[in-house]
Amino acid sequence: MKKVLLASACLFALAAPASAADLAARPYTKAPVAVASVYNWTGFYLGIVGGGAWENSSTDPKMKGGFVGGTAGYNWQTGNVVFGVEADGAWADVSASATAPVLIGGALVPVTTSSRTDAMGTVRGRIGYAVNQVLFYGTGGYAWIDNKISVSALGVTVSDTKWHSGWTVGAGVEAFFAPQWSVKGEYLYRSLGGETYFSGLGTPVNTGTLNLHTVQVGVNYHFGGPVVAKY
């Protein structure tokens with residue numbers, strides 16, 4: 001029996017390498033090709049925007065406050081250059097007031113004058129340079145505000161509202177953070193023409209040019225799928 005076991009062990013040892021050689025070779029699996037996302041800015045978008053504004057003036061008080069509203073626009077991309085047109089409108093609370101004594105009927109009466117912008121907006125062109133999902137751009141065009149001046153004295157308030165038109169210029173940066181969502185930061189300088197208030201009362205007040213600095217941020221949703229897969 002001992003001889004049989006020894007012979008069997010020798011036979012197994014000789015057969016094992018042959019059996020291993022008969023095994024099929026491990027198949028080679030090619031690694032999947034990495035996919036890179038290329039962002040194309042062409043298309044229509046809608047968004048929300050909000051920020052702060054302050055008057056560019058050498059005298060006090062200066063108008064200042066905030067605003068929030070909506071944005072709509074369209075981009076065309078050729079190469080890395082992006083052209084676009086954008087319009088925005090916002091509810092605003094940008095204001096200033098001052099109180100001074102005025103001689104009325106032989107007595108000094110405190111009179112408060114306030115100016116408040118209730119709404120503002122722009123219609124602008126944009127041109128920029130896209131680095132994949134990031135867009136650096138300059139912008140400029142038409143600007144407007146809806147402004148009200150009020151004068152209060154002895155418990156009586158008189159108000160007049162005017163629409164101011166002008167121009168705006170600025171710059172910004174926008175970046176995709178999801179396939180169809182982008183966030184932007186923007187600075188605009190707005191110059192609005194002067195208007196004459198209270199002309200019907202015989203004591204007209206001309207505001208002169210009103211200049212505003214605005215800083216705003218926004219989030220946009222891009223329709224049509226701006227992401228192109230590149231293999």
Side-chain angles (χ1 to χ4, degrees), residues 44-76 82-98 112-129 135-151 157-174 183-201 203-220:
F44 177 70
Y45 60 90
L46 292 174
I48 57 173
V49 65
W54 65 97
E55 184 180 1
N56 180 36
S57 174
S58 59
T59 60
D60 289 319
K62 298 179 178 66
M63 295 180 66
K64 59 182 178 179
F67 57 91
V68 63
T71 301
Y74 193 91
N75 292 318
W76 297 266
V82 177
F83 302 90
V85 60
E86 182 175 288
D88 60 68
W91 294 275
D93 184 5
V94 181
S95 61
S97 63
T112 300
T113 303
S114 62
S115 179
R116 177 179 176 179
T117 295
D118 296 315
M120 62 198 309
T122 67
V123 179
R124 295 173 280 118
R126 300 200 311 172
I127 182 170
Y129 188 86
L135 175 66
F136 303 91
Y137 64 90
T139 182
Y142 170 74
W144 61 268
I145 64 169
D146 189 25
N147 194 69
K148 179 171 71 175
I149 291 181
S150 301
V151 180
T157 299
V158 179
S159 301
D160 195 9
T161 301
K162 296 292 182 181
W163 179 283
H164 294 248
S165 293
W167 55 268
T168 182
V169 65
V173 59
E174 186 172 358
V183 61
K184 72 175 182 179
E186 191 172 67
Y187 164 80
L188 294 177
Y189 181 84
R190 311 180 193 219
S191 182
L192 295 311
E195 293 290 338
T196 301
Y197 290 74
F198 306 112
S199 56
L201 299 179
T203 55
V205 176
N206 192 295
T207 62
T209 303
L210 175 62
N211 298 315
L212 295 173
H213 300 282
T214 61
V215 175
Q216 56 197 45
V217 295
V219 176
N220 293 327

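Note: hydrogens, waters and symmetry copies are ignored here, and every other heavy atom, side chains too, is used.
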Is it the case that [X] and [Y] place a side-chain donor and acceptor less than 3.5 Å from each other?
| X | Y | result |
| --- | --- | --- |
| N220 | E174 | yes |
| Y45 | E86 | yes |
| E186 | Y137 | yes |

Within a strict 4.5 Å, meaning less than it, do heavy atoms of the [X] and [Y] side chains meet?
| X | Y | answer |
| --- | --- | --- |
| T207 | H164 | yes |
| L210 | I145 | yes |
| M120 | R190 | yes |
| V85 | W76 | yes |
| T168 | W144 | no |

Might you point out which heavy atoms bring [X] and [Y] nearest each other, and give the distance in Å?
| X | Y | answer |
| --- | --- | --- |
| A53 | T214 | CB-CG2, 3.5 Å |
| W163 | Y142 | NE1-OH, 3.4 Å |
| F44 | G73 | CD1-O, 3.1 Å |
| S114 | S97 | CB-CB, 3.7 Å |

Salt-bridge present (D93, R116; N to O < 4.0 Å):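 Judged by the 4.0 Å cut-off on N to carboxylate O distance, D93 and R116 do form a salt bridge.
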Pair K162 + D146: basic N to acidic O under 4.0 Å: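 Judged by the 4.0 Å cut-off on N to carboxylate O distance, K162 and D146 do not form a salt bridge.
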Is there a side-chain contact (heavy atoms from CB on, under 4.5 Å) between Y189 and H213 once you walk through the steps? CA-CA 5 Å; Y189 181 84; H213 300 282; 3.6 Å; yes
Are the side chain of [X] and the backbone N or O of [Y] linked by a donor-acceptor pair below 3.5 Å?
| X | Y | answer |
| --- | --- | --- |
| T117 | N147 | no |
| E55 | K62 | no |
| D160 | I149 | no |
| T139 | G125 | yes |
| T122 | R124 | no |

Could you measure the distance from the [atom1] atom of [X] to the [atom2] atom of [Y]? Nearest 0.5 Å is fine.
| X | Y | atom1 | atom2 | result |
| --- | --- | --- | --- | --- |
| W167 | S191 | CH2 | OG | 5.0 Å |
| Y197 | S150 | OH | OG | 10.0 Å |
| Q216 | T71 | CD | OG1 | 7.0 Å |
| S159 | K148 | OG | NZ | 5.0 Å |
| T209 | L192 | OG1 | CG | 9.0 Å |
| L212 | L188 | CG | CG | 10.5 Å |

Given the ring of F136, does R126 sit roughly above its face, with NZ or CZ under 6.0 Å from the centre of the six-membered ring and within 45° of the axis?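 Output no; distance or angle outside limits.
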Please walk me through it: do D118 and F67 pass side-chain contact (heavy atoms from CB on, under 4.5 Å)? CA-CA 9 Å; D118 296 315; F67 57 91; over 6 Å; no
Please walk me through it: do V68 and I48 pass side-chain contact (heavy atoms from CB on, under 4.5 Å)? CA-CA 8 Å; V68 63; I48 57 173; 6.0 Å; no
